**Student:** 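If you scroll down you'll find the structure; I have some questions about it.
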Amino acid sequence: VKVKMEIVNQLSELAEDEARVLLDYALGNGPPEVRVAATQAMVRSQRRASRPALRAALSANQPDLRGAAFHVVGTTAW
């Protein structure tokens with residue numbers, strides 16, 4: 001899990017087009033903490049192209065992930 005978390009962190013520093021597919025994958029798959037980390041990485045780097053993946057996360061089984069996605073999707077500035 002630590003390695004996946006570090007990968008998500010590194011992806012957040014890349015350009016949106018370079019990292020979007022992998023961040024979207026991390027958001028949709030893996031342990032809950034990695035999925036939440038992917039959501040937070042998307043927020044930090046303002047990845048607008050990932051909005052569909054974030055909307056899909058609203059129906060996730062993990063409450064932490066749903067909450068993080070809800071916060072992002074509900075933010076009008078983002």
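Heavy atoms only: backbone and side chains are in, while hydrogens, waters and symmetry mates are out. In this chain, numbering begins with 1 at the start of the sequence shown. Just so it is clear, the model here is predicted, and its values are computed rather than measured.
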**Student:** Going by side chain to side chain contact (heavy atoms under 4.5 Å, CB included), name the residues that satisfy it together with Leu22, two or more places apart in sequence or in a different chain.
**Tutor:** Leu11
**Student:** Check whether Tyr25 and Val8 end up in the same hydrophobic cluster, where Ile, Leu, Val, Met, Phe, Trp and Tyr are linked by side-chain heavy atoms less than 4.5 Å apart.
**Tutor:** no
**Student:** Should Leu27 and Val21 be regarded as members of a common hydrophobic cluster, given that ILVMFWY residues are connected when their side-chain heavy atoms come within less than 4.5 Å of each other, either directly or indirectly?
**Tutor:** no
**Student:** Nearest 0.5 angstrom please: Glu13 CD to Arg44 CZ, how far?
**Tutor:** 8.0 Å
**Student:** Which atoms form the tightest heavy-atom contact between Ala41 and Arg47, and what is the distance?
**Tutor:** O-NE, 4.4 Å
**Student:** Could you check if a side-chain atom of Met5 sits within less than 4.5 angstrom of a side-chain atom of Asn9, using non-hydrogen atoms only?
**Tutor:** no
**Student:** Name the atoms and distances for all side-chain donor-acceptor pairs under 3.5 Å in residues 55-68, with sequence neighbours left out.
**Tutor:**
unit_1 : atom_1 : unit_2 : atom_2 : d
Ser59  : OG     : Ala56  : O      : 3.0
Gln62  : OE1    : Arg35  : NH1    : 2.8
Arg66  : NH1    : Ala60  : O      : 2.8

**Student:** So Asp24 and Met42, do their side chains get closer than 4.5 Å, heavy atoms only?
**Tutor:** yes
**Student:** So does Ala49 get a backbone contact from the side chain of Glu16, meaning a donor-acceptor N/O pair under 3.5 Å?
**Tutor:** yes
